Amino acid sequence: MNSSFLEFEDNKTVQSMIGVHDCNIKKIEDKFDVEILVMGNQVKIIGKTKEAIDKANEALNIIYDKLDRNIDVDDGDIDGIMRIVNQKSNGKDKNMDNENRNSKDEQEIVLKTRKKHIYPRSVNQADYVRAMINNELVFGLGPAGTGKTYLAVAYAVLMLIEGKIERIILSRPAVEAGEHLGFLPGDLKEKIDPYLRPLYDAINDMMPQEQTEKLLESGVIEVAPLAFMRGRTLSNAFVILDEAQNTTVQQMKMFLTRLGENSRMVVNGDMSQTDLPNGVISGLRDAIYTLKNLKNVECIKFDDKDVVRHGLVAKIVKAYDEKYKNAVNEE
C-alpha cells in the first residue's frame, strides 16, 4: 500500500473540508478507492496506487483552497472537483490543448450571477465557458444533463449584469408541435412556455424571480420559438438556441444569420435525440460541418462523463450510446 501526508493550516477549514459526518471524505474515498485518515490538521491518504493517492490529494487541496477563500462548496461542487481531477489525470480533455493546465485552473473559472457563483463541474464544461468567452459563436454538442444550457444562460446573465450586452434572447424549435402553435391554448407566451421551460428554470436559478419577471416584461430577456426569428437582426444580445438538433438546414441558416453587432450566439443540441422526420437533415449537423473552419466559431463536445445530474443519468446515457454503437457496427 502507498500513502501520503497532507498538512493544512486551519483546523476549522479542515473540518469543513471533511464535511458533515465525513461525507466529503467518504465521497473521495469511494471515487478514488483510497482510505483517508484525519488527525487534527493532518490528513493521511492510503491507497493501492500512487495515481489514486495523487487524485485524492489534489481534490482535497482544491476543496480546502475554496473553503479557505470563503467559497461555499456543496455536494455538486465536490462531485465536479473529483470529476475534473479524474478527467485531467486520464487525459479526457479532448476539446483543447491542455498540456500546461492543471485541475485547479478549471476551478478559477467562475460565473458570478445574482443568486450564486457557478463553477464548471467537468473539464469540457470549463472548455465550454472558455469558448463562450473567446468566440462569437459556440456550438455545444452532447447528451442531456451535461450543463450546456445551464452554463450558457449563466454566462448570458453574467454579461447582462456586467453591462456587456443589453438583452438575452432564448429560443428553441417547437418541433413537437410541428412549428404550428395555433392549436395550443392561450397566447403566444403560454403556447411556447412548455418548450422553453428549461431556459426559464436556469434563469430563475441565477436571478431573483421578481427580477426575472421584470426583465421578461420589459423585453430585456426575451423568449421566442425559432419560427419567430425570421427577418430580425439581433444586436447587443446574447442569443441561445436550445435543442438545435431539431432545426432544418434552412432554419439554422436563418437563425445564424440573425447575428448582429456586439452579439454572441450559443447553439446547443444532442444529435442522438432529433425529432425531425425521417430523411430530414439536421441543421445542427449541417452547420457544424459547414462552419468548422471559420474563425471565432468553436464546437465543444460533451459525453456521458460530463453529465452532472443524478449519477444514474450518466449511466443511462452511456447505455444508450453503447446500444447505438453496437447497432451501427452490426449494420
Side-chain angles (χ1 to χ4, degrees), residues 1-110 117 119-127 129-130 146-147 302-315 317-318:
M1 299 292 283
N2 298 280
S3 64
S4 173
F5 279 94
L6 295 175
E7 186 169 348
F8 299 99
E9 292 184 2
D10 186 70
N11 280 12
K12 186 176 180 181
T13 305
V14 170
Q15 291 305 309
S16 297
M17 178 185 73
I18 294 169
V20 179
H21 303 305
D22 298 342
C23 62
N24 296 341
I25 294 297
K26 291 175 182 176
K27 274 178 173 281
I28 294 173
E29 287 179 327
D30 291 343
K31 179 70 174 180
F32 301 124
D33 191 22
V34 297
E35 181 183 0
I36 299 175
L37 305 175
V38 181
M39 301 155 284
N41 66 335
Q42 294 183 327
V43 175
K44 182 178 182 180
I45 307 172
I46 304 170
K48 296 177 182 178
T49 67
K50 182 179 182 300
E51 182 185 16
I53 291 173
D54 288 344
K55 289 179 181 180
N57 187 320
E58 188 171 5
L60 287 171
N61 273 297
I62 293 173
I63 296 168
Y64 180 90
D65 180 67
K66 281 180 174 292
L67 294 169
D68 193 48
R69 291 185 288 156
N70 296 315
I71 299 172
D72 291 334
V73 179
D74 60 23
D75 284 346
D77 295 323
I78 299 293
D79 291 338
I81 289 168
M82 294 190 300
R83 184 182 297 110
I84 287 174
V85 167
N86 207 38
Q87 290 177 342
K88 294 294 290 187
S89 176
N90 294 339
K92 295 297 184 182
D93 196 353
K94 59 184 176 296
N95 289 304
M96 299 176 70
D97 178 9
N98 301 288
E99 185 177 344
N100 297 317
R101 279 164 43 191
N102 57 45
S103 302
K104 193 173 179 180
D105 293 334
E106 322 298 6
Q107 300 301 319
E108 299 305 315
I109 300 174
V110 55
H117 290 183
Y119 296 86
R121 293 184 176 178
S122 77
V123 171
N124 289 333
Q125 282 195 359
D127 288 340
V129 175
R130 288 192 187 92
T146 50
F302 298 86
D303 57 31
D304 60 275
K305 297 177 184 64
D306 299 299
V307 173
V308 294
R309 292 180 182 171
H310 190 285
L312 184 58
V313 175
K315 295 177 183 178
V317 170
K318 186 175 182 179

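Reckoned from all heavy atoms, side chains included, excluding hydrogens, waters and symmetry mates. Sequential numbering from 1 along the given sequence is applied to the chain's residues. This structure is a prediction, so every number in the text was calculated from the model and none was measured.
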Tell me, do [X] and [Y] make a side-chain contact under 4.5 Å, heavy atoms counted?
X    : Y    : value
V307 : T146 : yes
K55  : N86  : yes
I45  : L60  : yes
F302 : Q125 : yes
F32  : V85  : yes
K66  : I81  : yes

I need the minimum non-hydrogen distance between [X] and [Y], along with the two atoms involved.
X   : Y   : result
K44 : F5  : CD-CZ, 3.6 Å
I28 : A56 : CG2-CB, 3.8 Å
I53 : S4  : CG2-CB, 3.4 Å

Exam field: side chain [X] to backbone [Y], donor-acceptor pair closer than 3.5 Å:
X   : Y    : value
D22 : I25  : no
E29 : I36  : yes
Q87 : K305 : yes
N11 : G40  : no

Query raised in the report: Passes side-chain contact (heavy atoms from CB on, under 4.5 Å), I71 versus Y119? Steps please.
Result: CA-CA 11 Å; I71 299 172; Y119 296 86; 3.3 Å; yes
[atom1]/[X] to [atom2]/[Y] distance, rounded to the nearest 0.5 angstrom?
X    : Y    : atom1 : atom2 : value
S16  : I63  : OG    : CD1   : 11.5 Å
R130 : I109 : CZ    : CD1   : 3.5 Å
K50  : N57  : NZ    : CG    : 9.0 Å
N24  : D75  : CG    : CG    : 7.0 Å
I78  : M82  : CD1   : CE    : 7.0 Å
N41  : D10  : CG    : CG    : 9.0 Å

Query raised in the report: Can D74 and R121 be counted as an ion pair, charged N to O under 4.0 angstrom?
Result: yes
Query raised in the report: Would you call R83 and D79 a salt bridge, using N to O less than 4.0 angstrom?
Result: no
Requested in this report: May I ask you to check whether over 12 heavy atoms, not counting those of E7, lie within 6.0 Å of atom CD?
Outcome: yes
Requested in this report: Decide yes or no on side chain to side chain donor-acceptor pair (under 3.5 Å) for N61 and D65, but give the supporting numbers first.
Outcome: CA-CA 6 Å; N61 273 297; D65 180 67; over 6 Å; no
Query raised in the report: Are side-chain N/O atoms of D306 and S122 paired as donor and acceptor at under 3.5 Å?
Result: yes
